[in-house]
Amino acid sequence: MSNDSLDLLKGTLDVLVLKALIWGPRHGYAVARWIEDITNGTLQVEEGALYHALHRLEKRGWLTSEWGVSDANRRAKYYALNAVGRKQLAAQTASWTRYAEAVFAALRTT
Amino acid sequence: MSGGRQREPALPHGIRRVFRLATRRTPIDSDIDDEIAFHLEMHAAELVARRGLTPAAAHEEALRRFGDTHQWRRTMSAIDREHAMQRRRLEWLEDLWQDLRYGARSALRTPLFSLLAIITLALGIGANAAVFGVVKSVLLDALPYADADRLVRLYGREIDGPMARAPLSAGTIADLDTRQRSFTHVAAFESQARDAIFEGDAGPRVLKAGYAEPALFATLGTPVALGRALRDDDAVGDTAYSVVLTHELWEKLFASDAGAVGRQIRVNGIPRTVVGVLPRGFVGPVSDVELYLPLNLQALLRDPVRARRQQNYGVVARLKPGVDAAVAQREVVAFAADLAREHPLYDSRSTMRVIPVREDMVGDTRTPLLVLMASAGLVLVITCANLAGALLSRAISRRREFAVRVAIGAGQGRLVRQLLTESMVLAIAGGAAGVLLALGGLAILRRLALRALPAYADLSLDLGALLVTAVLALATGLAFGVVPAFSVSRASVEGGILRDESRGISESRRSRYLRGVLVAGQIALCVSLLAGAGLLARSLWAMTAAPLGLLPGGILTVAVELPRRSYSGAQARVRFIDQYEARLRALPGVIGVATTGALPTRVNAHNEFSPAHLPPSTANRPLALYSTVSDDYFRTLGIPVHDGRAFGPEDRLDGPPAIIITQSMARRWWPNGDAVGSGIRLDPEPGAPPMTIVGVVGDVRHDPARAEPEPELYMSIRQAPWNGPVFLLRTRGDPLALLPAARRELAEVDRSVPVRDAGTLEAIVSDRFSARRLPVMLMTAFGALALMLASVGVYAMFASMAAAREREFGVRIALGASRRAIATLVLVQGGVWMLVGLVAGAGGIAVVARAVRGLLYGVQPFDAMTLAAVVLTLIACGTLALLGPVRRATRVDPISVLR
């Protein structure tokens, strides 16, 4: 990733992580795979950054975490959205959409 | 569920500690490791499955894709650590909140006890807060000057005489200015404020004017609030046309109008310009000055004799950096010695001294204040001991409750914390109430103590004092809470409490012992406090009871100020005095009228004298108080004439000057009894003719703190009429009722003469005692409070002892013991502790007596009567307190107790 798109990515990463968890608790690896799959490989997250985001969002109080057992019977840390996180997701989705539409509208004109 | 810590198995203490030593990584870090490891494994497995890499290559690829593992690990660890700390803090706060609510609930469960506890705490903490507020503003706060620690006052001092802080002469100051090397600034000012007549719209009024060299403001370093301070060129002429107002006067005269600067006011008939206003809270070295006029010291030097003879200037100086007061003192003493050699006529009997300004202003209020603070502290300690004992009993009666809580899993530490919180809740509530009490008390004090404390003292609770009070409240809560908390927690751990013991309160031996110690301590402290209060009270009584030498009852005083313009000549003043006296005599109910230059107890002019029959000497010339009085003065005030006569019409303005002296003075210097008719010299000039003594009158004690009256001499007001005469009217009824009539008559004589001051002589005389009265009143109040607390403590101790042994008494009675035997048992058990307290109190008395020795008057520090009274009072109160419980103990019904 080039440098100027990195900063943009941090905020974007947060909203993607929140979205990833809306269907239920997931562990970090599942979140990473989901982001890659759903964006068709366009967005490839540096995985360390992803885990950083997960811990950061937990500290901020938007996620909760719990150690559980994965499909493969391995010990894994699962993250889940809480009520505050859900509200944040809605808010950030709305503002991100507005932002993207505005930029898109500007770039579309000839 | 938040957090990822696993529950560790509950192992006994020692083994867990060993295990903790063995692990190197914290739970947080090992969790992060696990999380990352899981991710890498999953990723590697996917790479093997999807892209067919070898496990090793897959692992490497996964690692590479992850990023800088080490750095991410560190970052995440930091985040998680902060998170954990946040959660711990929150938990701690929640626990605290729970404890507080629990404490409040249990306080409300015993409302009467809690109310009493809070009241006693409020009294104890409030008293300390108030006293600390006073101590802080008098002893600790900064003076309203720049760098006040470098400022000193210079005084003259009699080498072997009583005057310890004498004003200096203009000549001395001029010489000091040229020769000194210790000071950066030296400024002189008249050491007493002058009464000046201000002609305002509402008529003439009297203001206190202070003449000061313009350098005073630079020396003190105080900025002005408006305009400018006085400048050197303001003092050049012989008349002062520029004035500087104090903040209070500016508020009074100009209603805080900023346009006051530049306006003119008429003072003593001369229009003067207001050039500046001083800041709020500024108090000069002469505290009652309301406006400052420039003093021209050089002009005074034109008359070299007067410049040396009249000593009425004070000096403030600023020490040079690096010079301290001791060094300055040495220089000043050497300078005074030089001066004594150069001007033996005036300066031979005095030296000089340097006193730091704060010490000068604090004066002798330091010791009484510290004694008060110690007393307040003692009361608080007694309060703590009292409450500790009470809570101890209560905690013991709650042992069941605590045992149950321990059984269901509360840690011992938690229990202790809870008990402490309960006492903290009481202490905080008591502290808040105490602050309110203190604020009220200080408001009252401000009104009462105006003269007793230095003028700059603010007497309020500022932020610092409030903080100290808060800390005090918390410390108090800890102090009386810690003993019950720890005693009970230990008892509840030592098992077996859930066994059904005797109902209610059964005290262990240790807690009974503790209780007794607390009560003994209270008694000891109370005895000490009462002893101090008693000694001081007796001193005050001795002081006020000693005869004044005159009869102050029923006398109205009216002080007027004669404008200098119209009363520049002595004849005009004498005429005024005669006219006004005649009118006053005609008023109904007036038995006698007199005039004087200075009221009794307010005489402060001194004059040197030497009896004519002794050879004139320049050294050791004694000083006498000096005042001028009218013919009827001695008769009106009830001062007996022992020899010769009082003043009369034969002492005319142009006639030979007549002097009347007091009896002690006559006895001392004319031991042969031949004072009347002898000569006395007031003028130190050799060759000046002596004046004749025409009479000897009784002594008047002007200073209540002195055991012996000072020598005093009087001149007829007809021969030396001052321009601020005070008229005294003796009446049969209420003196104040005559005041409106006196004012009317004054206006009839001359409308331009204002009344400077008016009041009854009794009020003025008792005012002198106010400085002494205040600490005594406060200490007596503290003593009474301590007595009350100690009595309550004794009562509670006996009550709980008796209740604890109720069963035993029932058995004894059933077995035939007499009521008296039971009573004796209880008395002996508790009486031992009271005795211990009294004995310990004896030691306390010794300490207290030594501490207040300097404040005593007319009574020895170990005065038997006072101490006996104190001990008896305590025994009496203690006996009253224990009567109830002892009676109840003897009335125990054996049947109901033994069931």
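Per chain, numbering begins at 1; letters A, B, ... match sequence-line order. Because the structure is a prediction, the values reported are computed rather than measured.
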For [X], is it the side chain, the backbone, both, or neither that has a heavy atom closer than 4.5 Å to a heavy atom of chain A?
{"X": "B:Q71", "value": "neither"}
{"X": "B:I36", "value": "neither"}
{"X": "B:A62", "value": "backbone"}

First locate atom [atom1] of [X], then atom [atom2] of [Y], and finally report the distance between them rounded to the nearest 0.5 Å.
{"X": "A:H55", "Y": "B:I28", "atom1": "NE2", "atom2": "CD1", "value": "10.0 Å"}
{"X": "B:R74", "Y": "A:H52", "atom1": "CZ", "atom2": "NE2", "value": "12.0 Å"}
{"X": "A:L54", "Y": "B:M76", "atom1": "CG", "atom2": "CE", "value": "9.0 Å"}
{"X": "A:Y29", "Y": "B:E41", "atom1": "OH", "atom2": "CD", "value": "11.5 Å"}

Heavy-atom check, side chain of [X] versus side chain of [Y], under 4.5 Å:
{"X": "A:E58", "Y": "B:I79", "answer": "no"}
{"X": "B:R87", "Y": "A:K59", "answer": "no"}
{"X": "A:L50", "Y": "B:H39", "answer": "no"}
{"X": "B:D31", "Y": "A:W67", "answer": "yes"}
{"X": "A:R74", "Y": "B:M42", "answer": "no"}
{"X": "B:D34", "Y": "A:K77", "answer": "no"}
{"X": "B:W72", "Y": "A:E46", "answer": "yes"}

Heavy-atom proximity to chain B below 4.5 Å, by part of [X]:
{"X": "A:R33", "result": "side chain"}
{"X": "A:A49", "result": "both"}
{"X": "A:Y79", "result": "side chain"}

Is it true that atom [atom1] of [X] has more than 12 heavy atoms of other residues, nucleotides or ligands lying nearer than 6.0 Å?
{"X": "B:W97", "atom1": "CH2", "value": "no"}
{"X": "B:R50", "atom1": "CZ", "value": "no"}
{"X": "A:R60", "atom1": "CZ", "value": "yes"}

Top contributor to chain A contacts, counting heavy-atom pairs under 4.5 Å, from B:H43, B:Q86, B:E82
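Option with the top pair count is B:H43.
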In terms of heavy-atom pairs under 4.5 Å, which option from A:A76, A:G28, A:G48 contacts chain B the most?
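Ranked by contacts with chain B, first place is A:G48.
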Quick one: do A:E36 and B:R65 make a salt bridge, cutoff under 4.0 Å?
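Answer for the salt bridge query: yes.
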Geometric class of the B:F38/A:H27 ring pair [parallel <30°, tilted 30-60°, perpendicular >60°]
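Plane angle over 60°, so perpendicular.
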